[in-house]
**Q** 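My questions all concern the structure below.
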Amino acid sequence: MQESFDIDPAQIDRFTCGTLRAANVGETVEIKGWVHRRRDLGGLIFIDLRDRYGLTQVVFNPEIHPEPHAIASDVRNEYVLAVTGVVRKRPDGTENPRLPTGEIEIEAETIHVLNTSLTPPFYVNEDGDVDESLRLKYRYLDMRRDRMQKQMILRHRIVKYMRDYLDTRGFIEVETPLLIKSTPEGARDFLVPSSSSPGEFYALPQSPQQMKQLLMIGGYDRYFQIARCFRDEAQRADRQPEFTQLDIEMSFVSQEDVTSLIETLFLEMTEAFTDKKLLFRPFARMTYAEAMDRYGSDRPDLRFGMELQNVGPALAQTGFKAFASVLESGGQVKAIVVPGCGNYTRREIDDLTERAKTLGARGLATIALSDDGLRSPIAKFLTEDEIAALTSGIGAAQGDLVLIVADAPAVVAKVLGGLRDYFGVLLKLADPDVFAYCWIYEFPLLEWDEEGNRWDATHNPFSGFYEEDRPLLDSDPGAVRALQYDLTLNGNEVGGGSIRMHRSEDQQRIFSMMGHSEAAQEERFGAIIHALEYGAPPHGGIAMGIDRFVMLVTGTENIREVIAFPKNQRGADLLFEAPSPVDEQQLIDVGLALRPSNPEKA
RNA sequence: GGAGGCGUGGUGUAGUGGCCUAACAUGCAGCCCUGUCAAGGCUGAGAUCGCGGGUUCGAAUCCCGUCGCUUCCGCCA
């Protein structure tokens, strides 16, 4: 390692590996970075030095500067170097037009190996697929890769855009605690014990919901926060145990005020950060009922059709009575037309039936309009004319596959909506260059919980409702429409919120319908109920999933790609190996004794 | 909790009963090479095919179990 400078350090300007251009030719500079690639030609050695700003070629010439050349001979990928030298125009014909710095190179006069590196377990200098567990175990190397750096930088810009957008509109950012009271509603809480109260627990917030409402009561009428949220539930491709939301709450606002604020923000961000074409401008709007009816989903992907069509009436007129009992008991018979799949084999159709069953169907009726004629297990119950009327009535053509489900409305929606999503991906029906935003609103406030024998909030128990539906709270609670709205994008829910109840008596009434006794309400929700009694202003807000949005903007397959240090599907941190057992003394401190998680096995 | 997919040198893949004494690319090590930029050439090391059991004359390959990762259902907004 060379310890002495041949050049007066005061005369040196430090640059990044991405900034030097032809205009810098002749300057003596220093750059520091990682060895991206080394090309040893025997005489000349070229090293591409990399940092997050780019690549710069350094050339070591043994005839001009033999000492640095000798050091460069032993350098390997991912070594950390400081190199000084003169910026030189590359010889004619050796420029690299693919690099922004490709016109120049640095002729190394000194080289300092700031650190060596083991051979990395995977390529840092290229973008190939690597087993994700390995990437997560060595996340710091993965983060060094170009793709991750681009995604993290883009994420930063998006969050900054949100902050600036809200700041200029008078919003203030307030931090709320991460150690809060556990509540039984919604997702399972992560619990946190503490030595100052052995046997008792904090919970990590599933969202800052109650805190932001208290801020409204406190007079901070325009609040936002980049809020970390925690839910101890199973992971998915788009779900992590801890995730980040843009959390917003406002006083004296209508549903329209909240959605238009967000709509402008997301319109601007889509234009600023993507090349996507906006399918709807302004955003599409659809009631929950319409979304479920037409798409079988409360977050429909509107980039393609394949809508659910009601074939109950058509079938009811025929002599085929198999679906009659379903219709009589309040069920539906609906169909989707899958284009170009009419020649599916028996095996493929069996697989579809299996897929339908995993989605909750009891069965799947199919009509394949194949080249060899019509194939359908229900054909024998219908005349040719009836089938022709049925298929043409829903727009099915030669070569298409018709899928029919008869069941309760919720099951029909779940199954056909799920199959629609499946074919949307399989048949590449959705244009990846399109962003289709849609607001979904008029969600039901409550749904009947069979197991709990009580009403349950579909969103959260603080959502308000349409005043004109108030009488329905007595007569037909399931029909009460919440003042709730979700923003969906290409089949994903990217955010949701509501206008809250701001009167204590309304809030208590809903809690009561949800089966909470007066005492339980006091114990679990006393703080918010009482706060509402002290001049709580009308208020409402929304929370946007930042990870999910960045995932859609970057076009990445899962949420882990846009989180610096994510957990795997089991919720494990493979880098630090968390969660992990703790010392006995730590358990004693917080008053805990462990018991086997599965007593039957133990 | 349930279902599917995957698991083969460091990495990414091929091989799906005998031609496997496991192949290819890349990476790694050594040597050669003064204008490369995915540098090139030569040589070499590196895998008991996730693990355990079974079927078979013979298993990376088939069966059972198990572990890990992942996607979906349940769960979760």
Side-chain angles (χ1 to χ4, degrees), chain A residues 36-50 55-64 69 76-78 88 90-99 101-102 105 107 118-138 141 185-189 206-207 209 229-241 243 245 298-299 351 354-361 414-415 418 421-422 425 440 443 457-460 463 482 484-488 492-498 542-545 548 557-558 560 568-570 572 574 598:
Chain A
H36 187 69
R37 276 204 177 79
R38 193 179 66 101
R39 293 175 294 280
D40 186 344
L41 275 60
L44 292 177
I45 295 174
F46 295 96
I47 288 179
D48 294 333
L49 213 57
R50 179 196 67 231
L55 288 177
T56 297
Q57 175 166 286
V58 183
V59 58
F60 296 83
N61 189 325
E63 290 172 2
I64 303 175
H69 177 271
R76 293 293 179 268
N77 283 351
E78 301 311 315
R88 239 181 34 181
R90 294 195 191 184
D92 285 346
T94 66
E95 301 89 349
N96 186 346
R98 285 175 308 190
L99 284 182
T101 62
E105 64 194 2
E107 186 173 87
L118 298 174
T119 300
F122 52 81
Y123 307 111
V124 177
N125 54 11
E126 38 184 275
D127 189 33
D129 266 357
V130 180
D131 177 65
E132 203 184 351
S133 312
L134 199 65
R135 289 175 57 200
L136 292 180
K137 181 176 177 184
Y138 296 94
L141 292 178
E185 290 299 318
R188 188 179 296 116
D189 284 330
Q206 296 171 30
S207 79
Q209 181 62 38
C229 307
F230 304 86
R231 288 172 195 164
D232 186 9
E233 297 288 352
Q235 314 319 316
R236 282 287 193 283
D238 61 352
R239 272 169 25 196
Q240 280 274 296
F243 58 99
Q245 290 191 332
D298 61 358
R299 47 183 173 86
D351 287 348
E354 201 51 45
R355 181 172 292 274
K357 284 180 177 169
T358 67
L359 290 165
K414 174 87 187 160
V415 175
D421 287 340
Y422 169 71
V425 173
I440 308 292
F443 284 78
T458 63
H459 179 61
N460 68 40
S463 293
Q484 186 205 330
Y485 30 85
D486 280 2
L487 181 61
T488 68
N492 297 273
E493 184 201 325
V494 292
S498 63
I542 195 165
M544 310 304 299
R548 218 173 264 178
E557 299 261 306
N558 69 60
R560 297 180 296 276
N568 72 3
Q569 181 157 62
R570 269 177 39 234
L574 297 177
N598 189 340

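Remember, it's a predicted structure, so these values are computed and weren't measured experimentally. Labels below follow one simple rule: chain letters A, B, ... track the order of the sequence lines, proteins then strands, and each chain is numbered from 1.
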**Q** From B/C75, B/G35, B/A77, pick the nucleotide closest to the side chain of A/E233?
**A**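 Ranking B/C75, B/G35, B/A77 by closest atom to the A/E233 side chain puts B/C75 first.
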
**Q** At 4.0 Å (heavy atoms only), tell me whether A/E185 reaches a base, stays on the sugar-phosphate, or touches nothing.
**A**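 Here A/E185 touches no strand at all.
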
**Q** Among the candidates B/G35, B/C69, B/U71, find the nucleotide nearest to the side-chain atoms of A/S133.
**A**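 Of the options given, the side chain of A/S133 lies nearest B/C69.
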
**Q** When you measure from the side-chain N and O atoms of A/Q206 to the phosphate of B/C76, is any distance below 4.0 Å, counting only OP1 and OP2?
**A**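 Answer is no, no contact under 4.0 Å.
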
**Q** Measuring to OP1 and OP2 of B/U71, would you say a side-chain N or O of A/R239 lies under 4.0 angstrom away?
**A**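 Answer is no, no contact under 4.0 Å.
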
**Q** Taking the side chain as C-beta and beyond, is there a heavy-atom pair between A/R239 and A/Q569 under 4.5 Å?
**A**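 Side chain of A/R239 against side chain of A/Q569, heavy atoms only: no contact under 4.5 Å found.
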
**Q** Closest approach to the side chain of A/R98, judged atom by atom: which nucleotide of B/C37, B/U71, B/A38 is it?
**A**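 So the side chain of A/R98 is nearest to B/A38.
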
**Q** If you only use heavy atoms from C-beta on, which nucleotide in B/A77, B/G35, B/U70 is closest to the side chain of A/N568?
**A**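 The answer is B/U70, which lies nearest to the side chain.
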
**Q** To the nearest angstrom, how far is A/E107 atom CD from B/G35 atom C1'?
**A**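 These atoms are roughly 12 Å apart.
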
**Q** If you pin A/R76 and A/G42 to their nearest nucleotides in RNA chain B, which one's is more 5'?
**A**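 On the 5' side of the pair lies A/R76.
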
**Q** Among the nucleotides B/U11, B/G27, B/G74, which one has an atom lying closest to any side-chain atom of A/F122?
**A**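 Shortest atom-to-atom distance from the side chain points to B/U11.
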
**Q** Round to a whole Å and report the spacing from CD of A/Q235 to P of B/C73.
**A**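 It works out to 14 Å between those atoms.
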
**Q** A/P91 near the nucleic acid: base, sugar-phosphate alone, or nothing, with a heavy-atom cut-off under 4.0 Å?
**A**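 Touches a base.
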
**Q** For B/G27, take OP1 and OP2 only and decide whether either is under 4.0 Å from a side-chain N or O of A/N125.
**A**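 No.
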
**Q** Locate the shortest heavy-atom distance separating A/H69 from A/F60; write the atom from each residue and the value.
**A**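 Heavy-atom minimum between the residues: CD2-O, 3.5 Å.
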
**Q** Would you say A/R90 places a side-chain N or O within less than 4.0 Å of OP1 or OP2 belonging to B/G35?
**A**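 So the side chain of A/R90 is outside the cut-off, no N or O lying under 4.0 Å from OP1 or OP2 of B/G35.
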
**Q** Using a cut-off of 4.0 Å on non-hydrogen atoms, how would the nucleic acid contact of A/K414 be classed: base, sugar-phosphate, or nothing?
**A**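 Here A/K414 touches the backbone only, sparing every base.
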
**Q** Between B/U71, B/C33, B/A77, which one does the side chain of A/D40 approach most closely?
**A**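 When the side chain of A/D40 is considered, B/C33 is the closest of B/U71, B/C33, B/A77.
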
**Q** Is it true that a side-chain atom of A/R135 and a backbone atom of A/V130 form a donor plus acceptor pair closer than 3.5 Å?
**A**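 No; zero donor-acceptor contacts below 3.5 Å.
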
**Q** Would you mind classifying the nucleic acid contact of A/T94 as base, sugar-phosphate or nothing, using non-hydrogen atoms under 4.0 angstrom?
**A**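 Answer is base: heavy atoms of A/T94 come under 4.0 Å of a base.
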
**Q** Side-chain N or O of A/R135 less than 4.0 angstrom from OP1 or OP2 on B/C69?
**A**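 A/R135 to B/C69 OP1/OP2: no side-chain N or O under 4.0 Å.
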
**Q** At under 4.0 Å between heavy atoms, what does A/D131 touch on the DNA or RNA strands: base, sugar-phosphate, or nothing?
**A**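 Counting heavy atoms under 4.0 Å across all strands, the contact made by A/D131 is with sugar-phosphate only.
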
**Q** Picking from B/A29, B/G35, B/A77, which would you name as closest to the side chain of A/R88?
**A**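 Among B/A29, B/G35, B/A77, the one nearest the side chain of A/R88 is B/G35.
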
**Q** Starting from P on B/C76, measure out to CG on A/N460 and report it in whole angstrom.
**A**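 That distance rounds to 14 Å.
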
**Q** Taking the minimum atom-to-atom distance to the side chain of A/A187, which one of B/C37, B/C76, B/U71 wins?
**A**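 Given the options B/C37, B/C76, B/U71, the side chain of A/A187 is closest to B/C76.
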
**Q** Is there a donor and acceptor pair, one atom on the side chain of A/E105 and one on the base of B/G35, closer than 3.5 Å?
**A**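 Such a pair is found, so the answer is yes.
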
**Q** Nearest to the A/V130 side chain among B/G12, B/A38, B/U36, which nucleotide is it?
**A**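 Between B/G12, B/A38, B/U36, the one nearest the side chain of A/V130 would be B/G12.
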
**Q** If you compare every side-chain N and O of A/R236 against the phosphate oxygens of B/C73 (OP1, OP2), does one of them come in below 4.0 Å?
**A**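 Affirmative; the distance criterion is met.
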
**Q** Determine the contact category for A/L55: base if any of its heavy atoms lies under 4.0 Å from a base atom, sugar-phosphate if only primed atoms, P, OP1 or OP2 are that close, otherwise nothing.
**A**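 Contact class for A/L55: none.
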
**Q** Hey, which of these two, A/A237 or A/F443, hits RNA chain B nearer its 5' end, going by closest nucleotide?
**A**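 It is A/A237, whose closest nucleotide lies nearer the 5' terminus.
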
**Q** Side chain of A/Y123, heavy atoms from C-beta onward: which of B/U26, B/U70, B/A38 has the nearest atom to it?
**A**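 Closest nucleotide among those given: B/U26.
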
**Q** Counting C-beta onward and ignoring hydrogens, is there a side-chain heavy-atom pair between A/Q206 and A/E185 closer than 4.5 Å?
**A**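 When only atoms from C-beta onward are counted, A/E185 and A/Q206 do not touch, as no gap falls below 4.5 Å.
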
**Q** Verify the contact: side-chain N or O of A/R570 to OP1 or OP2 of B/C69, cut-off strictly under 4.0 Å; return yes or no.
**A**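 Checking A/R570 against B/C69: at least one side-chain N or O falls below 4.0 Å of OP1 or OP2.
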
**Q** Strictly below 4.0 Å: does A/R39 bring a side-chain N or O up to OP1 or OP2 of B/C33?
**A**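 So the side-chain polar atoms of A/R39 never come under 4.0 Å of the phosphate oxygens OP1 or OP2 of B/C33.
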
**Q** Within the 4.5 Å heavy-atom criterion, are A/L99 and A/Q57 side-chain neighbours or not?
**A**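 In short, these two side chains do not touch, never coming nearer than 4.5 Å.
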
